[in-house]
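Hydrogens, waters and symmetry mates are skipped; everything else that's a heavy atom, side chains included, is used.
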Amino acid sequence: MNSINQDYTAGVLEACEPPCLSLYQPTHRHHPENQQDPIRFRNLVKALKESLLRKYLAYDIQPFLDPFLALAEDRDFWNHTLDGLAVLGARGRFRVYKLQRPVAELAIVADSFHTKPLMYILQSADRYQVLGLNRKEIRLFEGNRYTLDEIEPAQGVPKTITEALGEELYESHQTVASYGGVWQGHSPMYHGHGGKASKVDIDTERFFRSIDRAIMEHHSRPSALPLILATLPEHHQLFRQVSHNPYLIDEGLDIQPDALSIDELRQRTWQVLEPRYLARLAALGEEFRSARSKGAGHDELGHVAKAVVGGRVSKLLIEADREIPGKINAATGDIKFDDLADPEVDDVLDDLGTLTLKMGGQVFIVPSERMPTETGIAAIYRY
């Protein structure tokens with residue numbers, strides 16, 4: 001599967017030679033619910049085809065549809081889905097993203113990718129990662145308020161102390177007996193062949209330093225997600241002493257992940273994150289209201305569109321589930337409202353988010369109940 005974080009950072013979602021095909025659908029993790037997913041997918045591909053045929057010849061559109069049709073026949077893929085699916089296709093490009101939250105069914109052909117559902121996921125304030133840690137190995141999780149999944153650490157992230165230290169591991173000259181297992185919170189007993197407990201402590205510190213560097217480089221910086229440490233109390237202090245990861249939050253879990261079910265772990269981590277989540281959304285709303293009162297913010301769509309193309313928008317808040325079909329003149333900011341079935345028409349809010357990012361602004365996709373306006377949009381201006 002493709003990585004949204006990596007593609008977003010690399011700009012893969014921005015540039016697209018028309019026609020650009022965007023397909024979204026909710027999916028299911030388990031049988032028998034997931035049996036309907038490939039059927040719904042084929043129906044959405046049919047909708048893409050019908051939209052393409054409004055402008056292009058049948059012979060010309062087949063290369064765009066072939067990768068979608070091949071995915072529809074991939075049984076292994078459909079047996080291992082998550083909660084949502086995003087598939088983007090264009091000339092020479094095909095990206096598939098399994099999503100940790102449901103998305104509304106959507107099939108759009110336009111002159112750019114429809115990325116608001118992905119921006120919602122990337123910009124949502126409820127996303128986080130969990131680092132499960134003991135003296136020997138790590139586990140990594142990623143989730144949101146609704147779901148949590150264990151993920152495979154990126155290449156370059158050592159999963160065990162042996163991978164991290166290799167021949168430099170002092171313990172390689174010791175016999176280690178762990179009664180009950182390290183992950184159950186039991187301390188291993190060391191039968192030294194010249195080894196000392198102090199060397200074990202040195203190994204642990206070096207292992208923690210290696211993990212901290214690797215997680216920061218390969219996960220925290222690319223995703224900018226808050227990182228929660230889940231480990232036994234005696235390991236918290238040492239890891240935080242050696243850590244230079246600015247995304248590691250002060251609050252953590254004094255327990256190792258294997259002591260909890262995945263849903264229990266999600267509940268515990270969300271208890272840590274929820275106050276931060278609510279505070280962040282409240283601060284954005286208050287910042288907008290303050291800016292608007294000073295003439296440095298606006299919620300009228302036409303006014304905001306002109307400010308976006310003029311590079312004046314510092315922060316743009318977009319309502320998560322709102323769609324306004326139309327097309328923006330990228331030179332003037334004028335909006336032409338139209339039908340999403342038109343292969344040159346996308347969601348105005350989606351396009352404004354993309355343009356804001358290109359202009360160096362920030363975009364926040366906000367749940368409807370947390371939006372500070374009724375128009376689906378709120379802009380804070382630079383000047």
Side-chain angles (χ1 to χ4, degrees), residues 1-14 84 86 95 97-101 113 115-133 138-157 211-230 239-240 243-253 266 269-270 272-285 287-288 313-318 320 350 353-367 370 380 382:
M1 288 301 97
N2 304 117
S3 165
I4 304 176
N5 289 324
Q6 292 177 3
D7 284 355
Y8 182 79
T9 303
V12 172
L13 305 181
E14 295 179 9
R95 315 300 283 180
Y97 306 106
K98 293 180 181 179
L99 310 176
Q100 284 185 305
R101 65 177 84 211
F113 288 131
T115 58
K116 192 175 73 172
L118 297 182
M119 280 198 292
Y120 180 26
I121 292 172
L122 289 168
Q123 305 291 346
S124 290
D126 68 344
R127 296 177 65 220
Y128 60 90
Q129 293 182 335
V130 180
L131 174 61
L133 177 75
I138 69 164
R139 295 173 69 187
L140 193 61
F141 303 82
E142 186 170 316
N144 54 57
R145 56 180 160 169
Y146 301 114
T147 189
L148 182 69
D149 293 296
E150 185 164 5
I151 62 174
E152 184 70 16
Q155 186 175 1
V157 177
I211 292 300
D212 180 64
R213 288 193 299 267
I215 291 293
M216 181 166 61
E217 178 183 352
H218 296 286
H219 288 279
S220 293
R221 279 179 177 160
S223 69
L225 296 179
L227 180 67
I228 301 173
L229 181 62
F239 188 85
R240 293 179 186 281
S243 176
H244 293 88
N245 190 335
Y247 299 97
L248 177 66
I249 68 173
D250 294 336
E251 304 89 343
L253 299 181
R266 181 196 60 80
T269 51
W270 185 241
V272 171
L273 261 296
E274 186 175 24
R276 287 173 169 260
Y277 167 75
L278 295 176
R280 184 184 183 193
L281 292 182
L284 283 169
E287 185 180 358
F288 166 74
V313 175
S314 171
K315 296 179 181 178
L316 187 68
L317 283 61
I318 298 176
D350 181 76
T354 300
L355 287 170
T356 298
L357 292 172
K358 287 181 179 179
M359 295 288 187
Q362 294 178 279
V363 177
F364 301 90
I365 310 298
V366 180
R370 300 288 174 182
I380 301 171
R382 292 189 174 98

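Distance check: Leu225 CG to Tyr247 OH gives 9.0 Å after rounding to the nearest 0.5 Å. In this structure, CZ on Arg266 lies 11.0 Å from CG on Asp149, to the nearest 0.5 angstrom. If you take CD1 on Ile365 and CD1 on Ile318, they are separated by 4.0 Å, rounding to the nearest 0.5 Å. The structure places CG of Leu131 at 9.0 Å from OG of Ser243, a figure rounded to the nearest 0.5 Å. Note that the CD atom of Gln362 and the CG atom of Leu284 stand 8.5 Å from one another [nearest 0.5 Å]. In this structure, the separation between CZ on Phe288 and CG on Leu316 is 10.0 Å, given to the nearest 0.5 Å.
What you find for Thr115 and Thr354 is that their closest heavy atoms are OG1-OG1, 3.6 Å. Between Val363 and Met119 the shortest heavy-atom distance is CG1-SD, 4.2 Å. A pairwise comparison of heavy atoms in Leu118 and Ala86 identifies CD2-CB, 3.8 Å as the closest pair. Taking every heavy atom of both residues into account, Met216 and His244 meet most closely at SD-O, 3.3 Å. The shortest heavy-atom contact between Pro226 and Leu273 is CG-CD1, 3.9 Å. Closest heavy-atom contact between Ile228 and Gly252: CG2-CA, 4.1 Å.
Using a cutoff of 4.0 Å between basic side-chain nitrogens and carboxylate oxygens, Asp126 and Arg101 are scored as salt-bridged. At a threshold of 4.0 Å, the pair Glu274-Arg145 does not count as salt-bridged, since none of the basic side-chain nitrogens sits closer than that to a carboxylate oxygen.
A 4.5 Å side-chain heavy-atom check between Pro117 and Leu99 finds every atom pair outside the cut-off. Contact of the Arg370 side chain with the Leu278 side chain is registered, since non-hydrogen atoms from C-beta on lie closer than 4.5 Å. In this structure, Ile215 and Leu140 have side chains that are in contact, with non-hydrogen atoms separated by less than 4.5 Å.
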Q) Can you check side chain to side chain contact (heavy atoms under 4.5 Å, CB included) on Leu248 and Arg240, steps first, answer last? A) CA-CA 9 Å; Leu248 177 66; Arg240 293 179 186 281; 3.8 Å; yes

Q: Please lay out, stage by stage, how Phe364 and Arg280 fare under the test side chain to side chain contact (heavy atoms under 4.5 Å, CB included).
A: CA-CA 11 Å; Phe364 301 90; Arg280 184 184 183 193; 3.2 Å; yes

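Side-chain atoms of Ser223 come within 3.5 Å of backbone atoms of His219 as a donor-acceptor pair (strictly under, hydrogens ignored). The backbone N or O of Phe239 lies less than 3.5 Å from no partner atom in the side chain of Asp212, so there is not a single donor-acceptor pair. Between the Gln100 side chain and the Glu142 main chain, a donor and an acceptor come within less than 3.5 Å of each other.
For Ala282, the side chain to side chain contact (heavy atoms under 4.5 Å, CB included) criterion is met by no residue, not counting sequence neighbours. Take Glu217 and apply the side chain to side chain contact (heavy atoms under 4.5 Å, CB included) test, not counting sequence neighbours, and it matches no residue.
A 6.0 Å sphere centred on CZ of Arg221 holds no more than 12 heavy atoms belonging to other residues, nucleotides or ligands.
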